[in-house]
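Structure first, commentary second.
Lettering of chains follows the sequences in order, A, B, ..., and the numbering in each one begins at 1.
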Amino acid sequence: MQEFIQQLINGLSLGAIYALIALGYTMVYGIIKLINFAHGDIMMVGAYVGFFSLSVLDSNILVAMIYAMLACSILGVLIEKIAYKPLRYSTRIAALITAIGVSLFLEYFTLFLLGPAQRVFPDTAFPVNNYNIIGVSVSNKDIFVIVSAVILMLILQYIIRMTKTGKAMRAVSEDKDAAVLMGISVDKTVSITFAIGSSLAAAAGVMIGVYYNTVNPLMGIVPGIKAFVAAVLGGIGLVPGAMVGGFLMGILETMVSGYGNSLYRDAVAYGVLILILIIKPTGLFGKNTGDKV
Amino acid sequence: MQGSGKIGGRLIAEVAAVAALFMLGQFLISTGMLEQYYQIILTSMCINIILAVSLSLINGFTGQLSLGHAGFMAVGAYASVVMTNRLDLPFIIGILAACLGAALAGFIIGVPTLRLKGDYLAIATLGFGEIIRVVLQNIDYVGGPSGIMGIEKYTTWAWLFASTILTLVVIVNLINSSYGRAIISVREDEVAAELMGINTTRYKVIAFVVGAMFAGLAGALYAHYFYIIKPESFTFMKSFDILVMVVLGGLGSTTGAVIAAIFVTALTAFLQSFPAIRMILYALILIIVMIYRPQGLMGNKEIGRKTLARLWGGKR
Amino acid sequence: MSLMEIKNLHKSFGGLSAVLNFNFNLQSNELVGLIGPNGAGKTTVFNLITGVYKPDEGKILFADKDLAGLPPYVICKHGIARTFQNIRLFRDLSVLDNVKIAFHKNVPYGFLNAIIRTPNFFRGEREIEEQAMEYLKIFNLDSKKDEIASSLPYGEQRRLEIARALATNPTMLILDEPAAGMNPQETQDLMQLIQWIRKDFNLSILLIEHDMSLVMGVCERIYVLDYGQVIAEGKPEEIRNNKRVIEAYLGEEVT
């Protein structure tokens, strides 16, 4: 039982990170129907910004996270304006290939600039304490990751549900043409979506830095694809789906590596994804929409 | 009227041209005029042509977005190596095992997933491709994560050339038949195709199985040229590489896929000497081509006899 | 003898009945119209007959076989062909290839013949091409055989869609708003074409149409659908004077 709770807590931390990345995937998909394969790499850039503000500027972890979020929101908007906007009305596959191009660019430009070596997060940035609660070891890392993720999700929910910007985002994802007729600027709304999604990814990047202690230029690929799977699991394009999908994915993975064979961890994640897709292709929370003839 | 004599004459001319191309390659290789470095590039080109053309059958002509092609390549590579390296059987058995194994994998994966559409299909095939890789990682018999080393180098120019030509002939002939029209009608409008009496599911599966089979062939050739295979070589990034060739060439164009495969291989080889900026340039080319020519190099057009005849000013 | 007989057909989408207790029959060589206000469920009936949707309940007897719930390609093979309200051609393919696809269900050569190009293949392709050209000639599209379908003018796209449907060699043809978007002259020509097709191909035709002059002009019998139910059935003059029909169309002109 203690073992189970231990795994659950590890799973929640990992899941929180997945959920934050998945949110960006799902928001972008919801609004322009693009699988933004570069999203995981935006997270990587966020992790590096966090790393440099901790090690060079000597800022504290929260400030580092804010720097990372700001930098990545600008990066996200730039990527959208330069690479995706010209393709908004061409085929989906062309946009997908562009996203792959952007992803490779971010990875290898970082590699070129900073070298392939791993960098270790400074110890002083986040002194680790372990608390022992009825036999379960809880680190302040776990608490930091879960609490800040939940706060960010609450802020996101507030923006989407309560503000005018959120209303515009929902309108554009529902029906772009109708939104334009209502006086909503699609370009601006898409930019805001990229800014918010990318800043969430940046926060996740800093959390990964704290959690695993290291950053490297290719660190975005695997968590990126996993988070994407999480988004599909919950129903791509749906914000609550991404959150639940992220947490489910994290818990599932830690459970499989805790109780089973850690080498099969990835296979189980994809296996669940395929089962979901075959049984209910629109994901756990998705509505079924038929083909109109 | 098109006489069978005319068709026969054209066939002889084409066979002669292909044979000449083969002899030229063989001559350059056996005399050593083509250095080892260029031989490797030539091999990669052939393998990439097979991969790109087979994926273009699925993505370009059937219109089903698949992101798992590297998985089928892996099945082919491993199946053939088990035959030749583990069981000491001849290479031809390895090749057959690769084709059959990959086709079977294509069937098993295709039947449940091809009901899905668009992005969902893309994700499911990506997932299956990754599952194949993870499963291979966990089989000790084939070396687990470190793979198999010391594979015999059976892939000769003759095998490469014959396989590439076979792939092209089968897929081009398939596309230009009634079966090919059925396959293309699925891409054009699934509902209308179904109402014209086309069993769309069947043709999706056929295209998927044929595509997977040739990816398996490419895997076998790859394994028996490059000495080593490991699961790491067949991640979804490899699938993306193949997809990039297909899309750069133009969805629905076989000649486009061939040209793009040659171009991408040459570019990769050329930039090999500048490893740092190689991938950056590659990425930029992808982005720029997609922004300025999203339909790819050839769109859905082909370079065929007619175009060549026009270029040379000859009679059709 | 009835060619088609539909009994108690039901279909609902998420609790909303789109088609309710639909009964229908069609004689050999008959031309029947299906009319009704927007959203009455007419196209849903077509989609049920052609297998695009599976009915929740009911029987669709066609030449004494129940087709309800079969996939569209099987239904096509039983001899039912259709066109669409919003033309659905294979847009990037040539006019000729659009029609050629209709012959695939009886493809005269095998898969391997196609790949190794046996004489069988060449003979089969020649047959298919000749047959397809005949249909194009009937619709006066033979001179445009190499053009891309989507580049044809609207009226010709409509005609190509009908040609393609006929090429599947049906005994029953279903036309979904064939005159939509046509001017009066084109509609007039279309009426004649429909009459002529029926006679020449010995077909039964079922059509949905909003253009009342076309419906009243060519149809021998008319079914009126409202809220998924048949509210009237009969000869054009009976329908014209039917009270319930006039009520259903309240606000819309019945001439």
Exercise. What residue, out of B:V247, B:N138, B:I280, has the most heavy-atom pairs lying under 4.5 Å from chain A?
Worked result: B:N138
For this session: Can you see which heavy atom on A:I82 is nearest to which on B:I291, and at what distance?
Result: O-CD1, 3.5 Å
For this session: Kindly compute the distance separating CG (A:L111) from CE (B:M279), expressed to the nearest 0.5 Å.
Result: 10.0 Å
Exercise. More than 12 heavy atoms of other residues, nucleotides or ligands under 6.0 Å from CZ of B:F107: is that the case?
Worked result: no
For this session: Take atom CD of A:Q118 as the centre, draw a 6.0 Å sphere, and report whether it contains more than 12 heavy atoms from other residues, nucleotides or ligands.
Result: yes
For this session: Report yes if some heavy atom in the side chain of A:F105 is under 4.5 Å from a heavy atom in the side chain of B:L286; otherwise report no.
Result: no
Exercise. So what's closer than 4.5 Å to chain B heavy atoms on A:I274: side chain, backbone, both or neither?
Worked result: side chain
Exercise. Is it the case that more than 12 heavy atoms not belonging to B:Y292 sit under 6.0 Å from its OH atom?
Worked result: no
Problem set entry | Contact summary for B:I287 and A:G101, nearest pair of heavy atoms | CD1-C, 3.8 Å
Exercise. What pair of heavy atoms forms the shortest contact from B:P112 to A:I278, and how long is it?
Worked result: CB-CD1, 3.6 Å
Problem set entry | Closest-packed option against chain B by number of heavy-atom pairs under 4.5 Å, given A:I97, A:T98, A:L96 | A:I97
Problem set entry | ring-ring contact (aromatic ring centres under 6.0 Å, His included) assessment of A:F37 paired with B:F240 | CA-CA 11 Å; A:F37 271 111; B:F240 284 179; 5.0 Å; yes
Seminar exercise, completed: Here the gap from A:F109 atom CZ to B:L284 atom CG, rounded to the nearest 0.5 Å, amounts to 9.5 Å
Exercise. By a 4.5 Å heavy-atom criterion (distance strictly below it), what part of B:L251 contacts chain A: side chain, backbone, both, or neither?
Worked result: side chain
Exercise. With a 4.5 Å heavy-atom cut-off, do B:D119 and A:I236 have their side chains touching?
Worked result: no
Exercise. Which atoms of B:F236 come close to chain A, meaning under 4.5 Å heavy atom to heavy atom: side chain ones, backbone ones, both, or neither?
Worked result: side chain
Problem set entry | Side-chain heavy-atom pair A:T91, B:Q295 within 4.5 angstrom cut-off | no
Exercise. Quick one: what part of A:L273 sits under 4.5 Å from any heavy atom of chain B, side chain, backbone, both or neither?
Worked result: side chain
For this session: Specify the closest pair of heavy atoms between B:I131 and A:G271, including all atoms of both residues, with the distance to one decimal.
Result: CD1-N, 3.7 Å
For this session: Select one option (side chain, backbone, both, neither) describing which atoms of A:I225 are under 4.5 Å from chain B's heavy atoms.
Result: side chain
For this session: Let me know if B:I288 has heavy atoms under 4.5 Å from chain A in its side chain, its backbone, both or neither.
Result: neither
For this session: Sort A:V102 into side chain, backbone, both or neither according to what part of it lies under 4.5 angstrom from a heavy atom of chain B.
Result: both
Exercise. In Å, rounded to the nearest 0.5 Å, how long is the span from CG of B:L126 to CD1 of A:I35?
Worked result: 9.0 Å
Seminar exercise, completed: Honestly, the part of B:L243 sitting under 4.5 Å from a heavy atom of chain A is both
For this session: Please look at B:I123 and chain A and tell me whether the side chain, the backbone, both or neither of the residue comes under 4.5 angstrom of a heavy atom of that chain.
Result: both
For this session: Answer yes or no: does atom NZ of A:K188 have more than 12 heavy-atom neighbours from other residues, nucleotides or ligands under 6.0 Å?
Result: no
Exercise. Does atom CZ of B:F270 have more than 12 heavy-atom neighbours, drawn from other residues, nucleotides or ligands, at distances under 6.0 Å?
Worked result: no
Seminar exercise, completed: CE (B:M237) and CD1 (A:I100) are apart, to the nearest 0.5 Å, by 7.5 Å
Problem set entry | Heavy-atom proximity to chain B below 4.5 Å, by part of A:Y29 | side chain
